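Read through the structure below, which is laid out as structure tokens, and then see the notes.
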Amino acid sequence: MTTATVALVGDRSPSVQAHTRVPALLSALRERDGLTLDAYWIPTTDTGDLAGFDAIWMLPGSPYRSEAGAVNAARTARERGIPFLGTCGGFQHAILEYARNVLGLAVAHAENDPDAGDFLLVPLECSLAGHEDAVRLAPGSLAERIIGVERTVERYSCNFGLNAAYLPRLEAGGLRFTGRDEAGAVRVLELPDHPFFLATLFQPELAGDGTRPHPVITAFAAAAVAHAGRRSGERVGTAG
């Protein structure tokens with residue numbers, strides 16, 4: 001059985017419910033789905049060497065201690081083809097990384113740098129902290145294939161989202177937004193031509209009671225194990 005090493009990027013805290021769900025989720029993935037993840041918590045201040053991991057999971061918990069570290073984690077996954085799942089703050093910082101490093105935009109996150117002049121991530125008009133809301137998924141998208149329906153109801157604990165003024169530039173620049181609320185605000189993003197790069201503003205960690213992982217988490221774990229298997233095969237081939 002292949003075991004995948006996974007970087008859990010976030011500043012681990014018992015006060016963040018998504019963090020407390022992780023051990024049970026890892027156990028359920030192993031016992032129910034046969035997907036074994038060897039997971040390591042990596043503070044956002046220590047993301048300089050993530051290339052050796054089979055997957056990167058950027059968990060909620062912003063404001064992170066290091067915006068630069070969170071951005072670097074997303075960049076490592078994007079540039080090296082490492083399976084990536086970003087939720088809530090992970091979603092926000094994946095967009096921030098792409099805007100800065102791919103599109104060259106000098107933009108800020110209002111939670112991290114409230115005195116900046118140009119915000120990519122801004123306070124939501126209505127806070128989603130502690131709420132559930134509907135998400136419509138684009139037919140044929142990775143998210144729709146994983147979840148299996150075109151409309152789902154998901155749990156949030158979030159106060160910041162994308163500044164819609166930047167949406168056309170991000171889409172033209174290659175990001176694909178495949179989940180939106182009923183009003184059209186983006187809630188899911190994917191990166192085409194990447195083995196697995198998915199980010200959600202909602203928190204799949206909070207689905208159910210934690211004993212049955214959300215389909216997004218199961219799909220991410222499967223991508224991590226597949227990536228580990230490919231790397232193992234490459235090492236065997238090189239040795240031979």
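For reference, positions follow the sequence shown, starting with 1. Computed from a predicted model, the values in this text were never measured in an experiment.
The list of ring pair (Phe, Tyr, Trp, His ring centres under 6.0 Å) pairs with a residue in residues 11-33, not counting sequence neighbours, reads H19-W41. For residues 96-105, the side chain to side chain donor-acceptor pair (under 3.5 Å) pairs, not counting sequence neighbours, are E67-R100, R75-N101, R78-E97, E97-N101. Pairs of residues two or more places apart, or lying in two chains, that qualify as ring pair (Phe, Tyr, Trp, His ring centres under 6.0 Å) and include a residue from residues 60-94 are Y64-H93, F84-F197, H93-H109. The salt bridge (charged side-chain N to carboxylate O under 4.0 Å, His left out) contacts involving residues 165-190 comprise R136-E182, R151-E182, E171-R180, D181-R187, where partners must be two or more places apart or lie in separate chains. Among residue pairs with one or both ends in residues 168-192, none qualify as ring pair (Phe, Tyr, Trp, His ring centres under 6.0 Å); sequence neighbours excluded.
Residues that satisfy the side chain to side chain donor-acceptor pair (under 3.5 Å) test with S66, not counting sequence neighbours, are absent from this structure. Every residue was checked against the side chain to side chain donor-acceptor pair (under 3.5 Å) condition with T3, not counting sequence neighbours, and none meets it. Listed by chain and number, the residues in a ring-ring contact (aromatic ring centres under 6.0 Å, His included) with H227 amount to none (sequence neighbours excluded). For N159, the side chain to side chain donor-acceptor pair (under 3.5 Å) test picks out S127, with sequence neighbours left out. With sequence neighbours excluded, the residues that form a ring-ring contact (aromatic ring centres under 6.0 Å, His included) with F220 are W57. N163 meets the side chain to side chain donor-acceptor pair (under 3.5 Å) test with no other residue; sequence neighbours excluded.
Taking CG from L50 and CG from N72, the interatomic distance works out to 6.5 Å, rounded to the nearest 0.5 Å. We find the OG1-CZ distance between T2 and R230 to be 11.0 Å, quoted to the nearest 0.5 Å. In this structure, NE2 on H194 lies 11.5 Å from CZ on R80, to the nearest 0.5 angstrom. Taking CD1 of I95 as the start and CG of L105 as the end, the distance is 12.0 Å to the nearest 0.5 Å. In this structure, T152 OG1 and E132 CD are separated by 9.5 Å, a value rounded to the nearest 0.5 Å. Annotation: the span from F160 atom CZ to S62 atom OG amounts to 8.0 Å, rounded to 0.5 Å.
T5 and D54 share a donor-acceptor pair across their side chains, judged by distance under 3.5 Å alone. Checked by atom type, the side-chain pair T200/E154 shows no donor-acceptor distance below 3.5 Å. Side-chain polar atoms of E205 and T87 form a donor-acceptor pair below 3.5 angstrom.
Heavy atoms only, all atoms of each residue included: G174 and P192 are closest at O-CD, 3.4 Å. Here the closest non-hydrogen pair linking A207 and H214 is CB-CD2, 3.8 Å.
Grouping Ile, Leu, Val, Met, Phe, Trp and Tyr by side-chain contacts under 4.5 Å, direct or through others, puts F119 with V122.
Using a 4.5 Å cut-off between side-chain heavy atoms of Ile, Leu, Val, Met, Phe, Trp and Tyr, with links allowed through other members, L206 and Y156 fall into different hydrophobic clusters. A chain of hydrophobic side-chain contacts below 4.5 Å, direct or via other Ile, Leu, Val, Met, Phe, Trp or Tyr residues, connects V186 to L96. A continuous path of hydrophobic side-chain contacts links Y166 to L191 [ILVMFWY only; heavy atoms under 4.5 Å]. Clustering ILVMFWY residues whenever any of their side-chain heavy atoms sit less than 4.5 angstrom apart, transitively, puts V71 in the very cluster that holds L120. Linking Ile, Leu, Val, Met, Phe, Trp and Tyr whenever their side-chain heavy atoms come within less than 4.5 Å puts L198 and V149 in one cluster.
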Test side chain to side chain contact (heavy atoms under 4.5 Å, CB included) on L85 and L59; report intermediate values, then the result. CA-CA 8 Å; L85 175 61; L59 288 142; over 6 Å; no
